[in-house]
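Values below: all heavy atoms of this structure, side chains included; hydrogens, waters and symmetry mates excluded. Counting from 1, the numbers follow the sequence of the chain as shown.
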Amino acid sequence: RLTQSEAFSFSGGPHLLMTMVAPWLYGGGTGQPEWKEVQLPTQEVIGYVGVALLGLAIIGVIALGRDRRGIGLVVLAVFAALTTIAGHTPLGWITYHLVPFAGSFRAWSRNVVLVNLAVSSLAGAGVRAVRTEPRRWIGALAATTAIAALLLLVNRIAMRSD
């Protein structure tokens, strides 16, 4: 059994969640940081989701509404995201003390794979929704594209200022 500080030693920081959408903000897997150096081995823990997949997942959540599968996947994604950054949230402490064998698990940031699994499944529901009712979702797709373009623009500006 590990102490709590040992168990959380490889949990990611809150910035790890942003790298799921835009890994280049912190250098991605290249080891060449652009904005800020990641404290963790990025290639091991990064769970790149991508803006398009995240946008489709949001559409999937909306389309599924109160479907138990959709709610379960959202709960899984939130739980996994919060335990990925376990050392920075109260949920990490609760999980460490209440979940059997959690005190033996050291690389909490690997829980990001569960976020990827949930987002991928929800994105599948989003693709189905867009294919069946494309006019209803055109605004959401445009918003996702605008967010992606904004992130790229901010990154480009930050690179030029360095």
Side-chain angles (χ1 to χ4, degrees), residues 1-62 64 68-126 140 143-144 146-159 162:
R1 182 162 175 88
L2 302 169
T3 66
Q4 185 174 338
S5 62
E6 290 171 335
F8 291 164
S9 63
F10 289 110
S11 69
H15 65 275
L16 181 64
L17 298 179
M18 187 59 183
T19 63
M20 293 177 66
V21 179
W24 37 264
L25 289 178
Y26 296 96
T30 65
Q32 309 262 331
E34 292 177 16
W35 281 7
K36 181 178 176 184
E37 187 172 342
V38 177
Q39 301 287 325
L40 301 165
T42 307
Q43 67 277 9
E44 181 179 332
V45 297
I46 195 164
Y48 180 61
V49 172
V51 175
L53 198 63
L54 189 60
L56 286 169
I58 292 168
I59 291 171
V61 168
I62 294 168
L64 288 172
R68 291 181 308 195
R69 294 167 292 186
I71 293 169
L73 286 169
V74 168
V75 169
L76 174 66
V78 169
F79 177 79
L82 290 176
T83 56
T84 294
I85 58 171
H88 302 277
T89 66
L91 185 63
W93 183 89
I94 292 167
T95 304
Y96 175 83
H97 289 289
L98 296 181
V99 174
F101 304 109
S104 302
F105 187 59
R106 188 167 182 189
W108 288 63
S109 56
R110 291 183 182 155
N111 287 350
V112 77
V113 74
L114 296 174
V115 177
N116 287 337
L117 185 73
V119 168
S120 298
S121 298
L122 290 167
T144 301
I147 290 169
L150 182 64
L151 286 172
L152 290 170
L153 178 65
V154 167
N155 181 54
R156 178 61 95 193
I157 292 168
M159 286 176 56
D162 287 342

How long is the straight-line distance from CG of Leu122 back to CD1 of Ile58, given to the nearest 0.5 Å? 10.0 Å
Taken to the nearest 0.5 Å, the spacing of Leu82 CG from Thr89 OG1 works out to 5.5 Å
If you take all heavy atoms of Ala123 and Leu53, which pair is closest and at what distance? CB-CD1, 3.3 Å
In short, Val115 meets Ala80 closest at the heavy-atom pair CG2-CB, 3.5 Å
Residue pair Phe79 / Asn111, side-chain heavy-atom distance below 4.5 Å: no
Minimum-distance pair of heavy atoms, taken over all atoms of Trp108 and Ala86: CE3-CB, 3.3 Å
What are the two closest heavy atoms between Leu76 and Ala118, and how far apart are they? CD2-CB, 4.2 Å
Once you round to the nearest 0.5 Å, how far does CG of Leu114 lie from OG1 of Thr83? 7.0 Å
Any chance you could measure Ile147, atom CD1, to Leu54, atom CG, to the nearest 0.5 Å? 8.5 Å
